[in-house]
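Remarks on the structure that follows.
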There are 2 protein chains.
Amino acid sequence: MSDLLERLRGRGWRMTSQRRVVAEVLDGEHVHLTADEVHARAAERLPEISRATVYNILGELGRLGEVVEVSVHGRAKRYDPNAHHPHQHLVCSGCGTVRDVHPTGDPVAALADLPAEDRFGFTVAEAEVTYWGLCPECAPGGPAPGAPNPPR
Amino acid sequence: MSDLLERLRGRGWRMTSQRRVVAEVLDGEHVHLTADEVHARAAERLPEISRATVYNILGELGRLGEVVEVSVHGRAKRYDPNAHHPHQHLVCSGCGTVRDVHPTGDPVAALADLPAEDRFGFTVAEAEVTYWGLCPECAPGGPAPGAPNPPR
DNA sequence: CTTTTTGCAAACTGTTTGCATTGTG
DNA sequence: CACAATGCAAACAGTTTGCAAAAAG
């Protein structure tokens, strides 16, 4: 399961304790963490790690294509370590939680159907599909008694 | 074409000069402006309008469902006045330009195919589809001589 | 005349950057 | 040992907010 470290090593990524810890945090969790959450979890194991370093590492992993940055409106970005399996995101408008869902069709294929002139001359690299809704906790009448979850 | 003002009036929206100007700016342009660009264009006609007011008005129009906020990664949000015709976005990774494209299929329908348990109990309200690529100006070997456009 | 909306400036969040220090290869 | 990565603090962008003054209905 932990092939992230392997892949990074294989790419000749210079390894440091902070890079290892961040990679482990991403790899061990199946959720979509914000930079701050990654920092908090990393700091449990390596207390002196700085927020800036976590941002640097996450940015680099993004550039390497090892994590996907998920922008949730005005909220903090979330980092998705599941970059090697194509999938889509289901985002809760209430609390910002992100879950993976798996494609029922290929969205990029849908774009291929578009007449060239309707693409405004763009070279299209990828399609991002996000479903918006409410998770069970935030749904009115959901598991929580009464009001929606506080957005976090 | 300018039915935005009409609709807002019809909803009993309290009209002020700044609200009118912002609505006119959005309505007259077919592009996707950032808050700052809206402010700049609004200030041409109404020099004393403040940035905060523009933000307030845009936020309110969003809540009213009259404009759609388009989050472009780490960039400033863009505001899409074309909220009443379902469409998707084509975003240039180079310069952030946004263009509308029109659905080849119904993305929400694709979600309906998903088994309930794969939706994690979410109530799904809408699907957002974004295509990422490079516009002609930013494409290598494109119209511009040499390098990609400066991201703006 | 009451209630909303504005403008200003200051607060705020999330993120990036400059630079001396540290640590890896 | 050279050079890249870190930590810190400060800068930064975009956006939101508190409050007194102005304007709408």
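The chains referred to below are lettered A, B, ... by the order of the sequence lines, with proteins before strands, and numbering in each begins at 1.
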Under 3.5 Å donor-acceptor, H87(A) side chain and H85(A) backbone: yes
First-last contacting nucleotides on DNA chain D - partner chain B, under 4.0 angstrom, heavy atom: dG14(D) to dG25(D)
Closest approach of L8(A) and A23(A), non-hydrogen atoms and distance? CD1-CB, 4.2 Å
Partner of E24(B) by salt bridge (charged side-chain N to carboxylate O under 4.0 Å, His left out), out of R19(B), R41(B), R45(B): R45(B)
Test log, rule salt bridge (Lys or Arg N to Asp or Glu O under 4.0 Å), inputs R78(A) and E69(A): CA-CA 6 Å; R78(A) 291 174 180 271; E69(A) 303 188 344; over 6 Å; no
For residues F122(B) and G133(A), report the shortest heavy-atom separation together with the two atoms involved. CD2-C, 4.5 Å
Nearest heavy-atom neighbours spanning D100(A) and N82(A): OD2-ND2, 3.1 Å
To the nearest Å, how far apart are R51(A) CZ and dT15(C) P? 11 Å
Given atom CG of L46(B) and atom C1' of dT6(C), what is their separation to the nearest angstrom? 11 Å
Measuring centre to centre across the rings, with the benzene-like ring taken for any Trp, is H89(A) within less than 6.0 Å of H32(A)? yes
Separation of R78(A) atom CZ from dG14(C) atom P, in whole Å? 10 Å
Evaluate Q88(B) against H102(B) for side chain to side chain contact (heavy atoms under 4.5 Å, CB included), listing each step before the verdict. CA-CA 6 Å; Q88(B) 307 166 351; H102(B) 296 281; over 6 Å; no
Sub-3.5 Å pairs of nitrogen or oxygen atoms, protein against nucleotides 19-25 of chain C:
| residue | atom | partner | partner atom | Å |
| --- | --- | --- | --- | --- |
| dT24(C) | O3' | M15(A) | O | 3.0 |
| dT24(C) | O2 | R14(A) | NH2 | 2.4 |
| dG25(C) | OP1 | M15(A) | N | 3.2 |
| dG25(C) | OP1 | M15(A) | O | 3.4 |

Test log, rule side chain to side chain contact (heavy atoms under 4.5 Å, CB included), inputs V91(A) and T97(A): CA-CA 6 Å; V91(A) 182; T97(A) 299; over 6 Å; no
Are E60(A) and W13(A) packed together at the side-chain level, in the sense that at least one heavy-atom pair is separated by less than 4.5 angstrom? yes
For DNA chain C, what residues of residues 53-71 of chain A have any heavy atom nearer than 4.0 Å? Y55(A), N56(A)
